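Working notes, structure below.
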Amino acid sequence: MTVRTRIAPSPTGDPHVGTAYMALFNWVFARSQGGEFILRIEDTDVARSTSESEQLILDSLKWLSIDWDEGPDVGGPHGPYRQSARKHIYQAHAQQLVESGHAFHCFCSAERLDEMRAAQRAAGDNPRYDGHCLSLSADEVHTRLGAGEEHVIRMKIPETGDCVFEDALRGQIEIPYAQVDMQVLVKHDGFPTYHLAVVVDDHLMEITHILRGEEWINSVPKHLLLYEYFGWEAPVLCHLPLLRNPDKSKLSKRKHPTSVNYYRTIGILPEALTNYLGMMGWSMPDEREIFSPREMADDFELARIHLGGPVFDMAKLSWLNGQYLRGLTPDAFMDRIQDWALNRENLSKLVPLLQERTEKLSDLVSQVDYLLGDRVPLTPADFEAGKADLETQTLVLDHVGREFDALRHWERDALFEICQQLAGHLGLKIRDFLFPLFIAISGRTVSLPLFDSMLFLGPDVTRIRIREALNVLGVSKKQAKRLERAYREYQSVQPAASD
RNA sequence: GUCCCCUUCGUCUAGAGGCCUAGGACUCCAGGUUUUCAUCCUGGCAACAGGGGUUCGACUCCCCUAGGGGACGCCA
């Protein structure tokens, strides 16, 4: 039997470093077994999935030299590899489950479900579908379906007993069925949910081992039940630990850079990043710390994975990166600098900003230092030249930061609109409003145009700089709460942002 | 709240009952090399969450407690 693993990212945002982490381990495990590694795009959430995001994910994995044997771009014998192109397959399978009595049509409204869950929560129970539509007669279901009434398909769950299964790392796990919800398998728009699609695809694509984040452990009963309903053999399950923020919570954009592109733009080498991710939860048998994915595969053993959630440590990544950088020949080093930023394509984005404001070519370096490198370290004093007081500036940075965190398309108009609306809300002139942003982004009061700068730096670096500026200004716990409240208030008076 | 997972220095980790006076790496500190800085070298600080068992012997096995994390969506 050929070992087959997969990474199945959902193209709904930045190429996440957690995706790269899971991809690496799946790649390494497959290679260690002489197996195959598959890339599948899970774009069943039509509203949030974008092809740009898919492209970014593919690019980031390629940048990291994680290659796949089958996928949407290279094809393969088990395609298509994009779930949106497999809708009919899931529908046929869902239909099969309805016919075999393992799934049922549900007509419940969102309002009813909300009320039900609220009541269950209030009673101290785990919210869970109450089986309302289970009691519908076949005739009634037929009639309502015939009338074109909106509905979903849910799977049935045993009323009693435990789901007992084996995790390749954690051993036996038991989850009471009483905790498992009657999961929606097909949404009202006819698209499958993750749970149906993942099981059907993993089976059809002959995946033998699933290595994924431990956030999925609680979904295992649903998946195993589906395998059983279909009469299929389930793959080996292996739940890896989750990458953590410094405060130990699951790695998140609000607290830590999560985009692979962030590391790329600050000048981390791809081999340093994969090496670093390889050290998260894994160690080489001889404790060597510098190793490639290939070397990792040569010595790979599932059992060596450590299950404690590893905290992402920038200091160690930087050190590792330095090791790689210093190991380069001068020629290779020059090539890397070019690949990174000093190439014609990248520079051409800067020229329109620079040319107008330049008297000597040598002005260039001091003008772009904060765009290619970092700013000079900030101090609270840097903000004092602003018209608004420090508290207001903190508020500006906080709210802009939140808006930027939620922004999905990093475009000039969207950025500007956010700032304009917020400035209006706070009753500030746009130039006073923008001042703290100039400082946060460029570290100076005089810089290249703000929005061009943010566009050039991209969402990841921009967000981090705003967060760092907030840190420099120092936000107390009390203040943080006030800011949070103020932001919610702003949101409530604000028409939904058009992004 | 309910269920599930996890728990060795601040951080990443080694450790599969005696090799542990708990090792390595990052960070930090001290010293050396270096015209400066960085690199590099040397040294130092620093951990088995707590309590019960099992055993001649427990970081390693079992139980309880505590702490941390996750899931609880027509998101994945």
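All of these numbers come straight from a predicted model, not from anything done at the bench. Note that these values count all heavy atoms, side chains included, but never hydrogens, waters or copies made by symmetry.
Note that A/Arg144 lies in the cation-pi zone of A/Phe107, set by a 6.0 Å cut-off to the ring centre and a 45° limit from the axis.
A sub-4.0 Å separation between OP1 or OP2 of B/C74 and a side-chain N or O of A/Arg117 is present. Taking side-chain N and O atoms only, A/Gln120 has no distance below 4.0 Å to OP1 or OP2 of B/C3. In this structure, A/Lys248 does not reach the B/C6 phosphate: none of its side-chain N or O atoms is under 4.0 Å from OP1 or OP2. Look at A/Lys316 and you won't find any side-chain N or O under 4.0 angstrom from OP1 or OP2 of B/G10. Contact annotation: A/Thr44 reaches the phosphate of B/A76 (side-chain N/O to OP1 or OP2, under 4.0 Å).
Remark: B/C59 base-pairs with no nucleotide in the shown strands. Criterion, Watson-Crick or G-U wobble with two distances under 3.5 Å. B/A76: no Watson-Crick or G-U partner with both key distances under 3.5 Å is found in any strand.
The nearest whole Å value for the distance from the CG atom in A/Leu307 to the P atom in B/U13 is 10 Å. Computed from coordinates, the A/Lys250 NZ to B/A76 P distance equals 13 Å when rounded to whole Å. Atom NE2 in A/His105 sits about 17 Å away from atom P in B/C74, given to the nearest Å.
Taking atom P on both nucleotides, B/U60 is separated from B/G18 by 12 Å, rounded to a whole Å. Taking atom C1' in both B/U11 and B/A16, one finds a spacing of 24 Å when rounded to whole Å.
You won't find any donor-acceptor pair under 3.5 Å spanning the side chain of A/Gln183 and the base of B/G73, going by distance alone.
When only modelled atom types and interatomic distance are considered, A/His223 and A/His195 share a side-chain donor-acceptor pair under 3.5 Å.
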A/Arg264 vs A/Asp59, test: salt bridge (Lys or Arg N to Asp or Glu O under 4.0 Å). Steps then yes/no. CA-CA 12 Å; A/Arg264 191 174 178 170; A/Asp59 289 346; over 6 Å; no

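In plain terms, the two heavy atoms of A/Ala272 and A/Leu317 that are nearest each other are O-CD2, 4.1 Å.
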